[in-house]
Amino acid sequence: MEFENAIEFREAITNYCVRTGRDVRLTKNNAKKMGARCSANKCPFYIWASYHRGQGNLVVKTLIPVHSCGRLETLKKMRAAWIAKTYHIKFKVNPYLRCREIVETIWTEHGIRVSLWMALKARRKAQNLILGEYREQYSLLYRYAEEIKRSNPRNTIKFKLNNNVFERLYICFDAIKKGFLAGCRRFFGIDGCFLKGPFGGQLLVAVRRDGNNQMYPIAWACVEVEDTNSWGCFLQLLADDLDTHDGRGYTIMSDQQKGLLKAISIVWPAAETRVCARHVYCNFRQVYGGGLEYRRDFWKIAKSTTMNDFNANMELFKAIKVEEGDDLLKRNHTKWIRAFFTSQSECDCIDNNMNEVFNAYILSSRHKPIITMLVDIRESLMERLHKKRDFIANKDILICPRIQKRLEKAKLDARGWLAFWDGHFSYGVREGATQVRYAVSFLDRTCSCNAWQLSGVPCNHAVTAIWKAMEHPEHYVSHWYSKETYLKAYLFPLEPLNGPQQWPTSMYEPIEAPGCKKLQNRPTVKRKPSVGENVQDNIKLSKKGLPHKCSNCGEVGHNKRKCSMPLKVPNGPPVAKKTATTPTQSTQTETTTSQAETGVLVAPKQKKQAKGKQPMYVNAQQGFAPMHNKGVGVYTYPNGFQRQAMVSVCIDSSL
């Protein structure tokens, strides 16, 4: 065997020790001569390697590969550096791997015991290795940007630096931008999520809905913190890419993040803004608590499509409590209730779920180094574009599947409705023999319930009128949901990129990494659920948000433990639970009682004391007594109840 240098030889010896479970010590250790022998007494294993002239490397010249000793449980050759290097991939996925898990992994895979202290040192060494890799990728950002520009000069990638230290990065690919402008409604949501690496930061993203109401990311940016300045820069660059100056004709959905609404009003002043209703309800629930009645009435209000429906549902909500209904109206209600929306985007969604879907879509990439994360996002989207295109292209349909499903529901809801034609392009629709009526116009494609023009999909009233005209409702769905328009959004492919070995060189100085946020402390692994969010792992219904009632004083707002009133004293002694007895046991009890009344106590026949069971003391008149009250006298319980102890005899608890 040949080795390039002494370092490679030492690594081979360590790997051999771990694989065979034997400890080998170095007898000669320098750059030109290396020798090793088994640490066990009189074990014949021996290896000798020395510098070979003319080749410039170490060659094994003597080897006795036989051991007379057995495997060991612990090895001196097992070092923290070897653990950090061997399990480098695991530490990259989770730099805060638990020490106990490291110990169990090595024992399971190699059969070697290591201490928790060694596992801790290995984790720290691995974190330093990972930190160096994270820093190194920041220095490659300029070359990565040159590669993106080489694949397509119309791609957008921009940096913001502070004395050559990284602050922000913005990316928008030309293929995605063209697809959005060609086949998508002018509606998108914006949100941010935290990055899990040692340098922290946040990822801002704009996500729109395609013709099948699924996510379609437009652009994303890595920023240092989420505030008005960072949101303003992101929205300004997005406006430049979409070729809009004031956002006219666009609708933006958000979660009311810090500084976001202010940034939208500055950069996109003419755009319609909406707020996620689910976040509004979660904030409302934190103040007033939740409940089934609150939740149902809230969503009825949010889904109201006309002002009359909104007022009627608002009155029902105020019937629960007036002050809570008034507070709900102060929560920017015109941004999350459909009755106040315009029909320019033909999208009636009241939540920001598409951004939440994207955050979950990239969850496994958010802890990786910056370039690795960006490559993962681009490659996953590159696969997604052609898969979604082929999925719809191979179907013989007129409109997208999810829209067809929604239309089928409207057809079911059209049962019992009657339509009356005016002779031109309008119809009157009535529910059976009731006075509930709506007006439908084919010329404007509107319904007085306001649902058709908000969503672009005919409502049940419009379906009734369309059937009256002997036509198909699918022909009256907005063109944004058609198969032809959907394929336009996925028409442009995302170009593949070369690896770092083929990236062009950059004339600029390498970018420096920002300050390290947190590395030594263990982060929160599980995501913190929002208020009111369903958590699948819980097996017990949470009482969080529900009012507490004290069992001592009966007042609401605290429990018995925090009650300021004195504790109630029970009226009498605690009642013993009734147990089924056999006739023999009943006769024995009666005999014992009669003997107690006469003042004579006779202990029953003693059984052999069972192992592990402690004797109890029995009172002849009041039943079982605690062990700590072995004599006569008055015993006071913690709740204030007092009991008179009587003469007792010791019996086996198994009786």
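Computed from a prediction, not measured in an experiment: that's the story for all the values here.
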Would you please say whether a donor-acceptor pair under 3.5 Å links the side chains of [X] and [Y]?
{"X": "Y476", "Y": "E471", "value": "yes"}
{"X": "Q404", "Y": "E474", "value": "yes"}
{"X": "T372", "Y": "Q137", "value": "yes"}
{"X": "Y438", "Y": "N460", "value": "no"}
{"X": "E495", "Y": "N152", "value": "yes"}
{"X": "T156", "Y": "D241", "value": "yes"}
{"X": "N352", "Y": "E356", "value": "no"}
{"X": "Q453", "Y": "T446", "value": "no"}

Check: Do K488's NZ or CZ and the ring of Y486 fall within the cation-pi criteria of under 6.0 Å and 45°?
Finding: no

Margin query: Looking at F180, I'd like to know if the NZ or CZ of R186 sits under 6.0 Å from its six-membered ring centre while staying within 45 degrees of the ring's axis.
Written below: yes

Below 30° counts as parallel, above 60° as perpendicular, anything between as tilted: where do the rings of [X] and [Y] land?
{"X": "F188", "Y": "Y250", "result": "perpendicular"}
{"X": "F442", "Y": "Y427", "result": "tilted"}
{"X": "F166", "Y": "F159", "result": "perpendicular"}

Would you call [X] and [Y] a side-chain contact if the rule is heavy atoms closer than 4.5 Å?
{"X": "I350", "Y": "F341", "value": "yes"}
{"X": "N229", "Y": "R168", "value": "yes"}
{"X": "E167", "Y": "P514", "value": "no"}
{"X": "C172", "Y": "N155", "value": "no"}
{"X": "R278", "Y": "N353", "value": "yes"}

Measuring from atom [atom1] of [X] to atom [atom2] of [Y], what distance do you get when rounded to the nearest 0.5 angstrom?
{"X": "L161", "Y": "I511", "atom1": "CG", "atom2": "CD1", "result": "5.0 Å"}
{"X": "N332", "Y": "L261", "atom1": "CG", "atom2": "CG", "result": "7.0 Å"}
{"X": "F187", "Y": "D348", "atom1": "CZ", "atom2": "CG", "result": "9.0 Å"}
{"X": "L181", "Y": "I218", "atom1": "CG", "atom2": "CD1", "result": "8.5 Å"}
{"X": "D422", "Y": "H424", "atom1": "CG", "atom2": "NE2", "result": "6.5 Å"}

Run the salt bridge (Lys or Arg N to Asp or Glu O under 4.0 Å) test against [X] and tell me which residues pass, sequence neighbours left out.
{"X": "D413", "value": "K409"}
{"X": "D390", "value": "none"}
{"X": "R366", "value": "none"}

Residues that [X] engages under side-chain contact (heavy atoms from CB on, under 4.5 Å), provided they are two or more places apart:
{"X": "A513", "value": "R135, Y138, F199"}
{"X": "H475", "value": "L398, H472"}
{"X": "E136", "value": "S139"}
{"X": "F194", "value": "Q202"}

Please determine whether a side-chain nitrogen of the Lys or Arg among [X] and [Y] lies less than 4.0 Å from a carboxylate oxygen of the Asp or Glu.
{"X": "E408", "Y": "K405", "answer": "no"}
{"X": "K388", "Y": "D210", "answer": "no"}
{"X": "R143", "Y": "E146", "answer": "no"}

Suppose we screen for ring pair (Phe, Tyr, Trp, His ring centres under 6.0 Å). Which residues come up paired with [X], at least two apart in sequence or across chains?
{"X": "Y216", "answer": "Y490"}
{"X": "Y481", "answer": "none"}
{"X": "F317", "answer": "F284, Y294"}
{"X": "W336", "answer": "F298"}

Note to self: Go through it in stages, so that I can follow the logic: the residues are R389 and L487, the test is side chain to side chain contact (heavy atoms under 4.5 Å, CB included), and I'd like the CA-CA distance, side-chain angles, deciding distance and then a yes or no.
What the structure shows: CA-CA 6 Å; R389 181 192 64 220; L487 294 178; 4.1 Å; yes

Note to self: With side chain to side chain donor-acceptor pair (under 3.5 Å) as the criterion, how do N313 and S304 come out once you've worked through the C-alpha distance, each side chain's angles and the decisive distance to 0.1 Å?
What the structure shows: CA-CA 8 Å; N313 292 328; S304 302; 2.8 Å; yes

Note to self: With ring-ring contact (aromatic ring centres under 6.0 Å, His included) as the rule and sequence neighbours excluded, what pairs involving residues 349-377 come up?
What the structure shows: none

Check: Given the rule in the salt bridge (Lys or Arg N to Asp or Glu O under 4.0 Å) test, do E272 and R274 qualify, once you have shown the distances and angles that lead to the verdict?
Finding: CA-CA 7 Å; E272 178 189 2; R274 297 183 188 177; 3.5 Å; yes

Margin query: For D351 and R209: C-alpha separation, side-chain torsions, deciding distance, then whether salt bridge (Lys or Arg N to Asp or Glu O under 4.0 Å) applies.
Written below: CA-CA 12 Å; D351 54 53; R209 291 173 178 253; 3.5 Å; yes

